[in-house]
Amino acid sequence: MADRLTTLTLSFKTREQLIMESHAIAPFRYNFRAPGLSVRGPILFAHGPSSLGQVLIGRSQAGICAIFIDDSADALVGQLTQAFPREKLLRDQAALQEDLHQVIAFLERMPPTHAVDLDIGGTPFQQKVWRALCHIPSGQTCSYTELARQVCRPDAVRAVAGACASNVLAIAIPCHRVVRSDGSITGYRWGIARKRALIEQERRQ
(Lines give C-alpha, C1' and ligand atoms only; values in the text may rest on other atoms or scores of the structure.)
Protein backbone atom coordinates (compact mmCIF):
# COMPACT_ATOMS: atom_id res chain seq x y z
CA MET A 1 0.00 0.00 0.00
CA ALA A 2 1.35 3.41 -0.91
CA ASP A 3 0.73 6.13 1.65
CA ARG A 4 2.43 9.01 -0.10
CA LEU A 5 1.13 11.42 -2.69
CA THR A 6 2.01 10.12 -6.14
CA THR A 7 0.17 12.41 -8.54
CA LEU A 8 -1.70 15.68 -8.46
CA THR A 9 -3.95 16.76 -11.29
CA LEU A 10 -6.65 19.38 -11.72
CA SER A 11 -9.45 18.76 -14.19
CA PHE A 12 -11.99 21.33 -15.34
CA LYS A 13 -15.19 19.92 -16.80
CA THR A 14 -18.44 21.24 -18.22
CA ARG A 15 -20.97 23.06 -16.05
CA GLU A 16 -23.03 19.88 -15.74
CA GLN A 17 -20.02 17.86 -14.55
CA LEU A 18 -18.21 17.89 -11.25
CA ILE A 19 -15.09 20.03 -10.92
CA MET A 20 -12.67 17.94 -8.93
CA GLU A 21 -9.15 17.98 -7.60
CA SER A 22 -7.79 14.47 -7.97
CA HIS A 23 -5.03 12.93 -5.88
CA ALA A 24 -4.04 9.39 -6.92
CA ILE A 25 -2.88 7.32 -3.94
CA ALA A 26 -3.07 3.57 -4.55
CA PRO A 27 -5.43 1.82 -4.08
CA PHE A 28 -7.70 4.88 -4.13
CA ARG A 29 -7.98 7.98 -6.30
CA TYR A 30 -9.00 10.87 -4.06
CA ASN A 31 -11.36 13.20 -5.94
CA PHE A 32 -12.43 16.22 -3.91
CA ARG A 33 -15.55 17.95 -5.17
CA ALA A 34 -15.40 21.70 -5.36
CA PRO A 35 -16.97 23.06 -2.14
CA GLY A 36 -20.70 23.56 -2.54
CA LEU A 37 -21.20 20.85 -5.14
CA SER A 38 -23.57 18.11 -4.04
CA VAL A 39 -23.12 14.41 -4.66
CA ARG A 40 -24.59 13.24 -7.95
CA GLY A 41 -27.08 10.43 -7.35
CA PRO A 42 -28.62 8.01 -7.39
CA ILE A 43 -26.28 6.26 -4.98
CA LEU A 44 -25.77 2.55 -5.58
CA PHE A 45 -24.71 0.49 -2.58
CA ALA A 46 -23.50 -2.99 -1.71
CA HIS A 47 -22.20 -4.66 1.44
CA GLY A 48 -20.18 -7.69 2.48
CA PRO A 49 -18.38 -9.27 5.45
CA SER A 50 -14.94 -8.39 6.80
CA SER A 51 -12.90 -9.14 9.89
CA LEU A 52 -14.24 -5.91 11.46
CA GLY A 53 -17.90 -6.52 10.64
CA GLN A 54 -20.10 -5.77 7.68
CA VAL A 55 -18.74 -3.21 5.21
CA LEU A 56 -20.95 -1.07 2.96
CA ILE A 57 -19.84 1.06 0.03
CA GLY A 58 -21.99 3.67 -1.70
CA ARG A 59 -21.16 4.90 -5.19
CA SER A 60 -22.37 8.10 -6.83
CA GLN A 61 -21.98 8.90 -10.50
CA ALA A 62 -18.45 10.12 -9.74
CA GLY A 63 -17.11 7.38 -7.46
CA ILE A 64 -17.31 5.82 -4.02
CA CYS A 65 -18.86 8.42 -1.71
CA ALA A 66 -19.34 6.29 1.40
CA ILE A 67 -17.59 3.44 3.21
CA PHE A 68 -19.26 2.35 6.43
CA ILE A 69 -18.59 -0.45 8.92
CA ASP A 70 -21.16 -1.90 11.30
CA ASP A 71 -22.50 -5.13 12.75
CA SER A 72 -25.46 -5.60 10.39
CA ALA A 73 -26.66 -4.71 6.91
CA ASP A 74 -29.67 -2.86 8.33
CA ALA A 75 -27.43 -0.65 10.47
CA LEU A 76 -25.25 0.10 7.44
CA VAL A 77 -28.22 1.15 5.31
CA GLY A 78 -29.31 3.36 8.19
CA GLN A 79 -25.92 5.07 8.18
CA LEU A 80 -26.11 5.63 4.43
CA THR A 81 -29.63 7.04 4.66
CA GLN A 82 -28.58 9.42 7.42
CA ALA A 83 -25.51 10.59 5.47
CA PHE A 84 -27.40 11.16 2.21
CA PRO A 85 -31.04 11.83 3.15
CA ARG A 86 -31.95 13.52 -0.14
CA GLU A 87 -30.47 10.95 -2.51
CA LYS A 88 -32.12 7.91 -4.01
CA LEU A 89 -30.42 4.76 -2.71
CA LEU A 90 -30.33 1.58 -4.79
CA ARG A 91 -28.78 -1.73 -3.77
CA ASP A 92 -26.70 -3.24 -6.59
CA GLN A 93 -24.35 -5.99 -5.43
CA ALA A 94 -23.40 -7.01 -8.97
CA ALA A 95 -22.40 -3.54 -10.18
CA LEU A 96 -20.29 -2.82 -7.10
CA GLN A 97 -18.77 -6.25 -6.55
CA GLU A 98 -15.27 -5.36 -7.76
CA ASP A 99 -15.10 -2.11 -5.81
CA LEU A 100 -16.48 -3.77 -2.69
CA HIS A 101 -13.88 -6.53 -2.97
CA GLN A 102 -11.13 -3.91 -3.34
CA VAL A 103 -12.25 -1.94 -0.27
CA ILE A 104 -12.48 -5.06 1.88
CA ALA A 105 -9.10 -6.25 0.59
CA PHE A 106 -7.60 -2.90 1.63
CA LEU A 107 -9.14 -3.23 5.08
CA GLU A 108 -7.65 -6.74 5.37
CA ARG A 109 -4.21 -5.44 4.29
CA MET A 110 -4.25 -7.37 1.01
CA PRO A 111 -2.53 -6.04 -2.15
CA PRO A 112 -4.75 -3.85 -4.37
CA THR A 113 -5.83 -5.09 -7.77
CA HIS A 114 -6.96 -1.71 -9.11
CA ALA A 115 -7.52 1.87 -7.98
CA VAL A 116 -10.98 2.88 -6.80
CA ASP A 117 -12.29 6.39 -7.46
CA LEU A 118 -13.51 8.24 -4.38
CA ASP A 119 -16.07 11.06 -4.54
CA ILE A 120 -15.38 13.35 -1.57
CA GLY A 121 -17.55 16.30 -0.55
CA GLY A 122 -17.28 18.41 2.58
CA THR A 123 -16.53 22.01 3.45
CA PRO A 124 -13.16 23.61 2.61
CA PHE A 125 -12.02 23.10 6.22
CA GLN A 126 -13.13 19.47 6.31
CA GLN A 127 -11.34 18.77 3.05
CA LYS A 128 -8.18 20.36 4.41
CA VAL A 129 -8.32 18.09 7.46
CA TRP A 130 -9.08 15.00 5.36
CA ARG A 131 -6.15 15.72 3.04
CA ALA A 132 -3.88 15.94 6.09
CA LEU A 133 -5.24 12.61 7.36
CA CYS A 134 -4.25 10.96 4.09
CA HIS A 135 -0.62 11.89 4.74
CA ILE A 136 -0.38 10.12 8.10
CA PRO A 137 1.69 7.01 7.25
CA SER A 138 0.17 3.61 7.86
CA GLY A 139 1.33 2.25 11.20
CA GLN A 140 1.66 5.72 12.72
CA THR A 141 -0.74 7.97 14.62
CA CYS A 142 -1.17 11.71 15.10
CA SER A 143 -2.83 13.67 17.89
CA TYR A 144 -5.76 16.00 17.29
CA THR A 145 -3.57 18.85 18.52
CA GLU A 146 -0.82 18.00 16.05
CA LEU A 147 -3.36 17.66 13.23
CA ALA A 148 -4.73 21.11 14.06
CA ARG A 149 -1.20 22.52 13.75
CA GLN A 150 -0.71 20.75 10.43
CA VAL A 151 -3.76 22.49 8.95
CA CYS A 152 -2.55 25.84 10.39
CA ARG A 153 -5.38 26.03 12.91
CA PRO A 154 -3.74 25.27 16.27
CA ASP A 155 -6.68 26.89 18.07
CA ALA A 156 -9.23 24.65 16.34
CA VAL A 157 -8.64 21.24 17.92
CA ARG A 158 -12.37 20.65 18.47
CA ALA A 159 -13.18 21.64 14.88
CA VAL A 160 -10.51 19.22 13.66
CA ALA A 161 -12.04 16.46 15.77
CA GLY A 162 -15.43 17.37 14.30
CA ALA A 163 -14.05 17.08 10.76
CA CYS A 164 -12.68 13.63 11.60
CA ALA A 165 -16.09 12.62 12.97
CA SER A 166 -17.78 13.85 9.77
CA ASN A 167 -15.71 11.56 7.55
CA VAL A 168 -17.96 9.10 5.68
CA LEU A 169 -15.14 7.14 4.02
CA ALA A 170 -13.88 4.75 6.68
CA ILE A 171 -10.28 3.51 6.19
CA ALA A 172 -9.88 5.34 2.85
CA ILE A 173 -9.63 8.64 4.74
CA PRO A 174 -7.82 7.27 7.80
CA CYS A 175 -9.35 9.21 10.68
CA HIS A 176 -8.64 6.13 12.81
CA ARG A 177 -4.99 7.25 12.91
CA VAL A 178 -5.80 10.25 15.11
CA VAL A 179 -5.55 9.82 18.88
CA ARG A 180 -5.40 11.99 21.98
CA SER A 181 -2.18 13.75 22.94
CA ASP A 182 -1.52 11.10 25.60
CA GLY A 183 -1.90 8.34 23.00
CA SER A 184 -5.28 7.11 24.23
CA ILE A 185 -7.79 5.92 21.66
CA THR A 186 -11.17 7.65 21.65
CA GLY A 187 -13.79 9.06 19.33
CA TYR A 188 -14.30 6.84 16.30
CA ARG A 189 -17.51 6.90 14.25
CA TRP A 190 -17.40 3.13 13.77
CA GLY A 191 -16.47 2.18 17.34
CA ILE A 192 -13.37 2.44 19.50
CA ALA A 193 -12.75 -1.33 19.29
CA ARG A 194 -12.53 -1.10 15.51
CA LYS A 195 -10.26 1.95 15.74
CA ARG A 196 -7.90 0.09 18.05
CA ALA A 197 -7.95 -2.99 15.80
CA LEU A 198 -7.12 -0.91 12.70
CA ILE A 199 -4.20 0.84 14.44
CA GLU A 200 -2.80 -2.45 15.76
CA GLN A 201 -3.26 -4.13 12.38
CA GLU A 202 -1.35 -1.37 10.61
CA ARG A 203 1.47 -1.41 13.16
CA ARG A 204 1.96 -5.13 12.57
CA GLN A 205 2.15 -4.66 8.80
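Given the structure is predicted, the values throughout are model-derived calculations rather than measurements.
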TODO: I would like to know whether Arg29 and Asp117 meet side-chain contact (heavy atoms from CB on, under 4.5 Å); could you show each step before the answer?
DONE: CA-CA 5 Å; Arg29 282 189 290 265; Asp117 283 303; 2.8 Å; yes
[X] [atom1] to [Y] [atom2] distance, which is reported to the nearest 0.5 Å:
X      : Y      : atom1 : atom2 : result
Phe106 : Ser50  : CZ    : OG    : 13.0 Å
Glu202 : Ile171 : CD    : CD1   : 9.0 Å
His101 : Leu96  : NE2   : CG    : 14.5 Å
Tyr144 : Cys164 : OH    : SG    : 5.5 Å
Ile104 : Leu52  : CD1   : CG    : 10.5 Å
Ile57  : Leu118 : CD1   : CG    : 10.0 Å

State, to 0.1 Å, how close [X] and [Y] come at their nearest heavy-atom pair, and which atoms those are.
X      : Y      : result
Pro27  : Gln102 : CB-NE2, 3.2 Å
Ser60  : Asp119 : OG-OD2, 2.5 Å
Asp71  : Arg194 : OD1-NH2, 2.7 Å
Cys152 : Lys128 : CB-NZ, 4.4 Å
His114 : Glu98  : CE1-O, 3.7 Å
Val116 : Asp99  : CG2-OD1, 3.8 Å

Task: Aromatic ring pairing Phe68/Trp190, orientation class (parallel under 30°, perpendicular over 60°, tilted between) - done: tilted
Task: Check: Gln54 side chain, Ile69 main-chain N or O, donor-acceptor pair, under 3.5 Å - done: no
- [ ] Report yes or no: does Arg40 contribute a side-chain atom to a donor-acceptor pair with the main-chain N or O of Ala62 at less than 3.5 Å?
- [x] no
When you compare the side chains of [X] and [Y], does any donor N or O come within less than 3.5 Å of an acceptor on the partner?
X      : Y      : answer
Ser138 : Arg109 : yes
Gln150 : His135 : no
Ser184 : Asp182 : yes

- [ ] Give the C-alpha distance, both sets of side-chain angles, the deciding distance and a yes or no for side-chain contact (heavy atoms from CB on, under 4.5 Å) between Gln140 and Arg203.
- [x] CA-CA 7 Å; Gln140 298 183 28; Arg203 285 175 175 167; over 6 Å; no
TODO: Under the side-chain contact (heavy atoms from CB on, under 4.5 Å) rule, what do Leu80 and Glu87 come out as? Steps first, then yes or no, please.
DONE: CA-CA 10 Å; Leu80 188 65; Glu87 302 303 323; over 6 Å; no
Does any part of the side chain of [Y], heavy atoms only, come nearer than 4.5 Å to the side chain of [X], both counted from C-beta?
X      : Y      : value
Leu100 : Gln93  : yes
Arg177 : Cys142 : no
Phe28  : Cys134 : no
Val178 : Ile136 : yes
Ser51  : Leu107 : yes
Thr123 : Ser166 : no

Is there a path of hydrophobic side-chain contacts, each under 4.5 Å between heavy atoms, that joins [X] and [Y]?
X      : Y      : value
Ile199 : Leu133 : no
Val151 : Leu169 : yes
Val160 : Ile185 : no
Val55  : Met110 : no
Leu76  : Leu90  : yes

Task: side-chain contact (heavy atoms from CB on, under 4.5 Å) between Tyr30 and Trp130, worked out - done: CA-CA 10 Å; Tyr30 291 73; Trp130 297 339; over 6 Å; no
- [ ] Salt-bridge test for Glu146 and Arg149: reply yes if a basic N is under 4.0 Å from a carboxylate O, no otherwise.
- [x] yes
